[in-house]
Amino acid sequence: MVFEFFQGLDQVEITSGLTLLSLLIGGIIMAVGLIIARTVKLLFTKYYAPKLSQDSAKNLGKLLYFGIIVISFLVFTSTTGVDLSGLLVAGGIFGVVIGFATQSVVSNLISGIFLMIEKPVKQGDSVDLPGLGISGTLLDISTFSARVRQFDGTITRIPNESFFTSNIRSLSSTPVRRSEAIVGIAYKEDIDGAISVMGKAIRKEMPYALILPKPDFRINELADSSVNIEVLVWHPREDWDQVSPKLLKVLKNALDEGGIEIPFPQRVIWEAKD
Amino acid sequence: MSELNPNYTNYGIYDINNDLDFNLPNIDIKFRNIGENVFSYFRRDAEDNTVERMIPTKNNKIRIEIAPIRPLNHPSHRTSYLYLELETPVFLSENSQAKIFARCPIEIGIFLIDGENKNSLDFFTCDPINSRFGLYGTPESGTLCKYTKSEIVESYDDSKPYVDAIMEIHFGNELSRGQSISKVIFPVTENSIYYNGSKAIYDSINAVLKKKLTIETLDISARNISTDWAKSPDYERKELVKRLNMGVD
């Protein structure tokens with residue numbers, strides 16, 4: 001009875017060469033392909049992905065999954081005898097139209113592939129994109145876009161094309177970073193004394209400031225009202241927020257406690273005699 | 001640092017049934033029995049930073065251990081390397097060996113003992129001004145380390161309670177010329193700490209000047225010591241740390 005049922009299906013022709021039975025077999029092939037793809041991806045994620053970097057694991061997982069589905073589709077078309085040549089001719093013309101319409105989509109896809117190959121930054125890195133005005137932690141680079149969690153907590157999606165063509169400043173690829181501040185002291189003050197006071201305050205109050213290389217003090221400018229001193233402090237790359245925003249406060253308090261004047265802008269006016 | 005008080009609490013294991021205070025340099029520690037089967041832990045440092053914990057217990061008593069730990073946690077755990085800059089460099093003539101004792105910083109760990117398990121309750125440093133980072137190498141590719149200037153002392157007995165532990169360093173020079181050594185950088189996670197009373201010591205290290213192919217290096221490796229002093233529990237998670245290839249100055 002079952003045999004007669006399948007024979008019946010084989011006689012129902014949908015288009016030339018494509019019967020209901022071959023469509024059913026094709027459906028089973030696709031379903032099995034989907035199950036295999038999911039199982040392979042699951043096994044890969046469980047056993048092999050932890051040994052790879054996050055980016056590589058994610059991309060390889062996708063490649064395996066979609067690769068198996070594409071192979072299933074090819075097996076499906078070859079077993080059912082579907083002739084795709086007509087589709088290819090129509091697709092050629094249609095492809096031109098679609099190509100123009102999806103230019104930016106394709107561009108993002110290609111940029112994404114190059115980003116995955118070149119790897120200028122990796123998942124979890126702190127990045128700064130000066131051209132786009134975006135700074136934050138790179139969450140992921142997917143097929144069409146990258147996501148960055150900015151330091152204010154918001155998440156920004158950046159099309160891969162923009163990301164790829166931007167200047168990318170990595171904030172976490174070196175073990176240390178440097179923060180700078182400029183303070184002005186009055187002309188009457190002793191420069192070496194002021195530097196000594198500031199150096200001691202950094203040593204005492206900034207536990208994340210590196211002892212080696214030691215903080216550097218440079219005379220930045222003999223300005224209108226003050227001698228400007230640039231202070232350069234190195235710190236572990238993760239601790240920018242423990243140093244940079246606090247540096248000026250520490251320096252100001254140190255100069256105040258040392259009785260060193262931070263002058264206001266001032267102008268000397270000479271009055272001409274009649 | 002203020003002058004060290006000879007009456008500081010010793011390192012060791014303490015059974016606490018009731019209120020108990022500990023006397024450490026610049027640090028106040030108080031355990032309080034605040035209710036049935038509940039204790040509180042309170043710590044205040046010289047800068048008025050405080051830490052408080054509630055400790056529920058099973059039988060109205062707790063057992064704790066105060067022990068020296070590696071100086072890697074304050075102000076935050078960022079590295080496993082220790083950079084010892086010797087206050088006085090050591091000169092080694094060719095094919096010679098020498099042994100010195102050097103001060104190494106420590107932090108203090110408070111562990112809650114539950115049967116065989118020792119759980120980290122708190123950590124702190126009694127010498128925060130000298131708990132700082134330093135970089136060995138260039139900013140692009142160097143190694144972040146905990147940095148300290150290390151004084152060379154006479155023996156293990158010179159350990160300052162709650163501030164430092166003494167490490168024996170075995171120097172060797174296999175080069176064909178004399179050389180000064182002014183710093184040693186190594187993963188301190190390979191060195192255990194031992195305590196007795198209020199004194200502490202580290203496992204030793206070997207530091208040997210060698211020529212590898214054409215490059216002169218200072219090869220550093222940990223060397224276990226045998227002692228009857230009590231071994232401190234580990235505060236940090238165990239992790240594999242690569243040894244550095246130190247160049248010669």
Salt bridge (Lys or Arg N to Asp or Glu O under 4.0 Å) involving A:Arg149 - partner list, sequence neighbours excluded: none
More than 12 foreign heavy atoms under 6.0 Å from NZ of A:Lys249: is that the case here? no
Of all the heavy-atom pairs spanning A:Pro175 and B:Gly142, show the shortest one and how long it is. CG-O, 3.3 Å
Between chain A and chain B: donor-acceptor pairs at under 3.5 Å:
from, atom 1, to, atom 2, distance (Å)
A:Arg203, O, B:Arg132, NE, 3.2
A:Arg203, O, B:Arg132, NH2, 2.8
A:Arg203, NH2, B:Ile129, O, 3.3
A:Arg203, NH2, B:Asn130, OD1, 2.8
A:Lys204, O, B:Arg132, NH2, 3.3
A:Tyr208, OH, B:Ser76, OG, 2.5
A:Ile211, N, B:Phe133, O, 2.8
A:Leu212, O, B:Leu135, N, 2.6
A:Asp239, OD1, B:Arg78, NE, 3.4
A:Asp239, OD1, B:Arg78, NH2, 2.8
A:Asp239, OD2, B:Arg78, NE, 2.8

Nearest 0.5 Å, please: how far is CG in A:Leu210 from SG in B:Cys145? 9.0 Å
Residues, nucleotides or ligands: over 12 heavy atoms within 6.0 Å of A:Asn167 CG: no
Evaluate whether atom CZ of A:Phe151 has more than 12 neighbouring non-hydrogen atoms of other residues, nucleotides or ligands under 6.0 angstrom away. yes
Should we say atom OH of A:Tyr48 is surrounded by more than 12 heavy atoms from elsewhere, each under 6.0 Å from it? no
Any non-hydrogen side-chain atom of A:Val176 less than 4.5 Å from a side-chain atom of B:Leu135? yes
Looking at B:Phe133 and A:Pro207, what are the two nearest heavy atoms and their distance? CD1-O, 4.0 Å
